[in-house]
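Everything below concerns the one structure shown next.
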There are 2 protein chains.
Amino acid sequence: MSTKSSPQAPASPRTASPKRRSRTSDHRAAGSHAPLSFRPIHTRRAFEEICERIREQLALGVLKPGDKLPPERDLAQQLGVSRNVLREALRSLEMAGVLRLQKGVKGGAFVQQGDTSRMNVVMRDMLSLGTISIRELSEARVHVLDLVVRLACVNARQSDFEALQANVERTELFTREGRLLERVECAREFYKLLAVACGNKVIAMITDAVTEIHMRFVYAKVASSGVAMARLGERRRQFLAALRERNTTAAARLMRSHLAAVQKMLEQDPGAMSLQVALAEMKPGMRR
Amino acid sequence: MSTKSSPQAPASPRTASPKRRSRTSDHRAAGSHAPLSFRPIHTRRAFEEICERIREQLALGVLKPGDKLPPERDLAQQLGVSRNVLREALRSLEMAGVLRLQKGVKGGAFVQQGDTSRMNVVMRDMLSLGTISIRELSEARVHVLDLVVRLACVNARQSDFEALQANVERTELFTREGRLLERVECAREFYKLLAVACGNKVIAMITDAVTEIHMRFVYAKVASSGVAMARLGERRRQFLAALRERNTTAAARLMRSHLAAVQKMLEQDPGAMSLQVALAEMKPGMRR
DNA sequence: TTCCATTGAATGGGTGATCCATTTAATAAT
DNA sequence: ATTATTAAATGGATCACCCATTCAATGGAA
């Protein structure tokens with residue numbers, strides 16, 4: 001019976017409602033008007049305000065990763081909104097990778113460690129919406145990887161070399177056994193490791209973002225045509241050797257020529273490749 | 001009176017409800033169990049599925065910018081979910097910059113042009129959550145701007161030069177009149193124009209993302225201490241001249257030294273500067 | 001005592017009905 | 001022809017529930 005007797009928002013906390021955001025109301029009330037009263041992009045809504053407030057608490061350091069927000073019912077009451085609206089805000093923040101919502105007793109909304117893959121989502125959306133083109137993305141990737149290689153040459157640590165070495169060996173294993181799709185997965189991992197080796201998480205995040213979509217194309221290409229980069233293991237070994245010698249120009253040159261070769265491979269038989277295929281392929285789950 | 005007689009969804013369309021997602025139900029029903037059944041990160045929820053489906057339609061090109069989704073009530077019925085849950089999904093997509101929800105007759109959920117500033121939000125969140133550091137961000141910015149300058153030297157068009165020229169002149173105006181905070185706004189714009197001049201929207205987006213937070217710091221610094229970069233107009237003129245001559249090395253060198261000078265300025269009296277200040281300052285609205 | 005099954009409360013997940021606010025088109029009045 | 005009114009469509013928000021999951025507390029069995 002306690003569930004129904006919960007005295008959360010009977011009628012009084014609704015005091016916020018009457019005076020609620022009047023916003024667009026009496027702006028043009030006065031007889032004299034501005035010739036071009038840019039009406040606001042969109043009226044401010046409760047869930048936006050809530051998102052903003054929570055982000056504010058994060059920025060101020062009041063909320064930190066690991067912290068738990070009050071239960072939905074409580075928080076809704078505190079904010080003077082319905083639970084549904086609060087949930088819209090929490091959901092948005094969860095999609096943004098800021099929160100994680102967990103059920104059960106001891107559940108709740110927990111502040112997350114930052115999820116660097118959110119940038120990938122932005123990049124995917126921009127592609128889907130046609131704001132950026134595949135061509136721009138590929139070009140950006142070439143430039144970003146050039147930067148990453150040069151930084152990695154300077155900053156890579158022994159552990160980075162070892163991780164890359166192991167990756168190259170897996171690549172060669174997959175090559176020998178003809179497991180081409182797994183080799184693509186391996187390539188994706190290679191660029192992730194390289195990004196980490198550059199020693200800057202911002203640049204690593206950017207690198208992942210511009211690489212993720214590209215690897216979907218490669219995957220789709222390999223899956224559909226069966227063609228694959230020749231002498232990939234050899235290329236990787238050469239590159240890694242240059243990196244270990246901290247030979248910036250050689251490493252950058254090798255990366256550049258490799259990327260050009262991959263690009264050329266992708267552009268053969270362009271009809272088979274399309275934005276739609278690559279974005280649709282390899283959904284989270286990606287049953288072969 | 002007619003308002004209440006609207007015969008929208010009386011009772012019948014709820015037919016979809018009974019067969020609803022059983023998802024996590026009888027997974028481990030069988031007596032034999034796997035020794036390590038990695039339970040999913042979190043149970044799949046309706047709103048995630050909806051977001052994914054809509055994104056899928058975008059990726060496939062079925063939905064394009066400008067298109068309108070069915071009304072919430074219809075779409076909820078089509079998907080077999082309640083309107084509230086559908087709204088959670090739509091809200092998330094709106095926060096992601098994919099949709100815009102508009103009220104009124106002829107209103108609805110409209111697919112947007114991609115909003116390149118979503119990457120800025122990701123970057124802010126990563127900073128707030130401590131996933132990346134200010135130092136990494138500044139360092140990344142230096143490298144990205146080096147790239148941008150080199151690309152702009154090659155790709156900038158006459159219109160880019162003209163826009164930058166106008167910006168430099170505004171900068172000098174604000175300098176003469178001592179309007180330092182407006183000059184910071186102007187600087188923000190300068191980097192935006194430079195990013196556009198590089199001719200690649202992906203790189204421009206990245207540049208904006210790494211620049212936005214930085215400019216908040218500069219703003220907070222100028223607002224609190226009143227100090228400001230000396231001879232800024234002069235520096236800008238020199239840089240723009242190098243850019244116009246397509247003198248890559250000179251332009252890159254000028255940018256490098258300028259960024260170093262700004263960094264030095266910011267690091268004086270470090271106590272006054274903090275992540276919190278910069279992130280809290282200059283909220284959307286930013287009443288002086 | 002130790003261990004395991006049961007129970008129950010806390011909490012997020014989801015529903016359906018209802019009302020409000022805004023916007024626009026159609027209609028009526030001037 | 002112009003202006004005011006009305007009505008419908010649609011998002012914005014609320015309320016009152018109910019279900020599913022989780023986990024700690026409880027209690028009985030070995």
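Just so it is clear: chains get the letters A, B, ... in the order the sequence lines come, proteins before strands, and each one is counted from 1.
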Taking only the side-chain heavy atoms of [X] (C-beta and beyond), determine which of [options] contains the nearest atom.
{"X": "A/Pro71", "options": "D/dG11, C/dG12, D/dC23", "result": "C/dG12"}
{"X": "A/Ala46", "options": "D/dA20, C/dT22, D/dA13", "result": "D/dA13"}
{"X": "B/Asn84", "options": "C/dT15, D/dA13, D/dA20", "result": "C/dT15"}
{"X": "B/Arg73", "options": "D/dT14, D/dT10, C/dG14", "result": "D/dT10"}
{"X": "A/Ser82", "options": "C/dG12, D/dA13, D/dG11", "result": "D/dA13"}

Do the numbers put B/Arg141 on top of the ring of B/Tyr191, so that NZ or CZ is under 6.0 Å from the six-membered ring centre and no more than 45° off the axis? yes
Rounded distance (Å) that lies between atom [atom2] of [N] and atom [atom1] of [X]:
{"X": "B/Leu101", "N": "D/dA13", "atom1": "CG", "atom2": "P", "result": "11 Å"}
{"X": "A/Glu72", "N": "C/dA9", "atom1": "CD", "atom2": "C1'", "result": "17 Å"}
{"X": "B/Leu75", "N": "D/dT10", "atom1": "CG", "atom2": "C1'", "result": "13 Å"}
{"X": "B/Lys103", "N": "D/dG11", "atom1": "NZ", "atom2": "C1'", "result": "6 Å"}
{"X": "A/Glu94", "N": "C/dG14", "atom1": "CD", "atom2": "P", "result": "10 Å"}
{"X": "B/Arg83", "N": "D/dA9", "atom1": "CZ", "atom2": "P", "result": "14 Å"}
{"X": "B/Gln77", "N": "C/dT15", "atom1": "CD", "atom2": "P", "result": "13 Å"}
{"X": "B/Arg45", "N": "C/dT11", "atom1": "CZ", "atom2": "P", "result": "18 Å"}

List in numerical order all residues of residues 62-70 of chain A for which some heavy atom is under 4.0 Å away from an atom belonging to DNA chain D. none
Any residue meeting side chain to side chain donor-acceptor pair (under 3.5 Å) with B/Lys201, in chain and number order, not counting sequence neighbours: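 Partners of B/Lys201 under the side chain to side chain donor-acceptor pair (under 3.5 Å) test: none.
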Nearest-nucleotide comparison on DNA chain D, the residue closer to the 5′ end among A/Gly104 and B/Lys106: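 That would be B/Lys106.
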Does a donor on one side chain sit under 3.5 Å from an acceptor on the other, for B/Arg100 and B/Gln102?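 Their side chains do contain a donor-acceptor pair, which is all the 3.5 Å distance test asks for.
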With distance as the sole criterion, is a donor-acceptor pair present between the side chains of A/Ser117 and A/Asp115 under 3.5 Å? yes
Looking only at heavy atoms, what is the nearest atom pair of B/Ala89 and B/Cys51, with distance? O-SG, 3.7 Å
For the student: nearest non-hydrogen atoms of B/Gly114 and A/Leu129, plus distance: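 B/Gly114 and A/Leu129 have their closest heavy atoms at CA-CD1, 3.6 Å.
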Walking DNA chain C from its 5' end, the first of A/Val105 and A/Arg91 to be reached, judged by nearest nucleotide, is A/Val105
Within the pair A/Arg87 and C/dG13, is there a side-chain N or O less than 4.0 Å away from OP1 or OP2?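 Yes.
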Listing request: all side-chain hydrogen bond (donor to acceptor under 3.5 Å, both in side chains) pairs with a residue in residues 58-70 of chain B, at least two apart in sequence or in separate chains. none
